A.B. asks: 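Got a structure for you, questions after.
None of these values were measured; they are calculated from a predicted model.
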Amino acid sequence: MRQLVSYLFLFLATLAWSFVGVLVKTASTMVDSSIISFCRFFFGVLVLGIYLLMKDGKIEFRYRMKWLWFGAAGKSANYIFENVALMIGYSYGNILVQPVQTVVLLLAGSFVFKEKVTRAGWISAALCVVGVIVVGWNGVPLDKLLGSSGLTTVLFTLAGIGAAVHVMSQRMLVKTMDNGNMNFSVFLIATLMVSIPIPFQSEGFTGVSTAGAWLALVCLGVITGLSFFWFAEAMKRVPFAVVAIVGNSSVLFSILWAYIFFRDPITSYIIIGTLIFVAGFLLLNFSGPRKKTAKQEDSVEAAV
């Protein structure tokens, strides 16, 4: 029974991540990107706080550690740039965030943390870079590539860098904090960070208020707050191969939902580029020792 629940959690986490683009696009019909960023953190903190109170009966909020602030800044940048890019681009565009994050983490591991990166790791990074280039290019002529198409790729690249900074902060913080309270502290600080420009905006609500848009904002928060819990629970009992394959399949579902809900054009370049960097993910996952699954968990968590 417990193993069945673990499979369910893995499915929920994967499904949740795949819907982020669609949910941001839906919420953008009512509010601008800054409000979306705020709600992703605010509702995430609310849901995560409720979970921690039910589980432990208390919440341990900390703020006097520099890596909490680095993590909050990184995750804030991740959401801010991702939301803007999704609003002006296609709803599957955020599939670029994870491969960029993977490359940045490998580079940071090699040059900052002085960790040994295997040949398979560098090949994985190369596949991620090639996949991002193919998806970002999407067969667009060079003169048009420098326009909105190129801008969204740059924004998603910046989002991926921010996500990588968040993961690096987690690697430092997990030594002294449990996963739940660590994320609660980071997300609460991030909520305060992204709320700074809101009082100075002349108009944050840019469209008609609808139940669908509000539901999208709440769901984005739930994904921020609980997806790490679902994935962590799945990692305890689901076979490694299943976690690696199903966890990384969220990018394929993102493309499917984009076509179903918004009829976003899916070209052969998108499919080929996606398959290339998914191959990079799988090579990276299966090339390392199984004991590093906790590191993989942190990496996947930061993508949401």
Side-chain angles (χ1 to χ4, degrees), residues 13-22 24-25 78 81-82 84-107 117-161 163-164 241-288 296 299-300 302-304:
T14 302
L15 190 66
W17 296 328
S18 70
F19 271 110
V20 167
V22 169
V24 170
K25 205 75 173 179
N78 172 203
F81 290 121
E82 181 181 66
V84 173
L86 285 170
M87 290 181 69
I88 64 177
Y90 296 125
S91 58
Y92 58 72
N94 61 332
I95 62 174
L96 297 179
V97 173
Q98 193 173 346
V100 171
Q101 171 191 294
T102 300
V103 172
V104 173
L105 287 175
L106 284 172
L107 292 174
V117 180
T118 64
R119 179 181 299 179
W122 290 118
I123 294 175
S124 299
L127 289 173
C128 287
V129 170
V130 172
V132 168
I133 291 175
V134 173
V135 172
W137 170 37
N138 198 18
V140 176
L142 183 59
D143 56 336
K144 294 183 179 180
L145 187 62
L146 299 177
S148 61
S149 178
L151 176 59
T152 55
T153 301
V154 170
L155 291 172
F156 283 126
T157 299
L158 294 173
I161 295 173
V242 176
V243 172
I245 294 172
V246 176
N248 288 314
S249 69
S250 62
V251 296
L252 303 177
F253 284 110
S254 295
I255 295 175
L256 176 63
W257 307 144
Y259 178 77
I260 291 177
F261 289 99
F262 297 108
R263 288 294 187 268
D264 288 343
I266 311 299
T267 67
S268 58
Y269 294 94
I270 300 297
I271 299 298
I272 293 173
T274 300
L275 292 177
I276 290 173
F277 66 66
V278 167
F281 295 154
L282 295 178
L283 176 61
L284 183 63
N285 287 334
F286 287 105
S287 63
Q296 174 202 6
S299 178
V300 178
V304 300

A.B. asks: Distance check, rounded to the nearest 0.5 Å: Thr14 atom OG1 versus Asn248 atom CG?
C.D. replies: 8.5 Å
A.B. asks: Give me the atom names and distance for the closest heavy-atom approach of Lys25 to Met87.
C.D. replies: NZ-O, 3.3 Å
A.B. asks: Could you report the tightest heavy-atom contact between Gly136 and Thr153, atom names first, then the distance?
C.D. replies: CA-OG1, 3.5 Å
A.B. asks: So how far is it from Ile270 CD1 to Ile95 CD1, rounded to the nearest 0.5 Å?
C.D. replies: 6.0 Å
A.B. asks: Give me each pair satisfying side chain to side chain donor-acceptor pair (under 3.5 Å) with a member in residues 264-281, each pair once, sequence neighbours excluded.
C.D. replies: Ser91-Asp264, Asn138-Thr267
A.B. asks: For the atom pair CD1 (Ile260) and CD1 (Ile255), what is the distance rounded to the nearest 0.5 Å?
C.D. replies: 12.0 Å
A.B. asks: With rounding to the nearest 0.5 Å, note down the distance linking CG in Leu106 to OG1 in Thr102.
C.D. replies: 7.0 Å
A.B. asks: Identify, with sequence neighbours excluded, every residue that meets side-chain contact (heavy atoms from CB on, under 4.5 Å) alongside Ile271.
C.D. replies: Ile266, Leu275
A.B. asks: Among all residues two or more places apart in sequence or in another chain, which pass the side-chain contact (heavy atoms from CB on, under 4.5 Å) test with Val104?
C.D. replies: Val100, Ile161, Ala164
A.B. asks: Could you list the residues that satisfy side-chain contact (heavy atoms from CB on, under 4.5 Å) with Ser18, not counting sequence neighbours?
C.D. replies: Leu15, Ser250, Phe253, Ser254, Trp257
A.B. asks: Does the ring of Phe261 carry Arg263 above it, NZ/CZ under 6.0 angstrom from centre and within 45° of its axis?
C.D. replies: no
A.B. asks: Please give me the minimum heavy-atom distance between Val251 and Gln98, naming the atom from each residue.
C.D. replies: CG1-OE1, 4.2 Å
A.B. asks: How long is the span from the CG atom in Leu282 to the CZ atom in Phe286, to the nearest 0.5 Å?
C.D. replies: 6.0 Å
A.B. asks: Could you tell me which residues satisfy ring-ring contact (aromatic ring centres under 6.0 Å, His included) with Tyr90, sequence neighbours excluded, listed by chain and number?
C.D. replies: Tyr92
A.B. asks: Indicate the atoms forming the closest heavy-atom contact of Phe156 with Glu82, along with that distance.
C.D. replies: CE2-O, 3.9 Å
A.B. asks: Taking the side chain as every heavy atom from C-beta outward, state whether Thr152 and Val84 have any atom pair closer than 4.5 Å.
C.D. replies: no
A.B. asks: Would you mind writing out the side-chain donor-acceptor pairs for residues 121-128 within the sub-3.5 Å range, not counting sequence neighbours?
C.D. replies:
from	atom 1	to	atom 2	distance (Å)
Ser124	OG	Ala120	O	2.8
Ser124	OG	Gly280	O	3.3
Ser124	OG	Leu284	N	3.2

A.B. asks: Go through it in stages, so that I can follow the logic: the residues are Val135 and Leu96, the test is side-chain contact (heavy atoms from CB on, under 4.5 Å), and I'd like the CA-CA distance, side-chain angles, deciding distance and then a yes or no.
C.D. replies: CA-CA 8 Å; Val135 172; Leu96 297 179; 3.5 Å; yes
A.B. asks: Between Asn78 and Gln101, do the side chains contain a donor N or O and an acceptor N or O under 3.5 Å apart?
C.D. replies: no
A.B. asks: My understanding is that only residues two or more places apart in sequence, or in another chain, count here; which of them pass ring-ring contact (aromatic ring centres under 6.0 Å, His included) with Phe277?
C.D. replies: Phe281
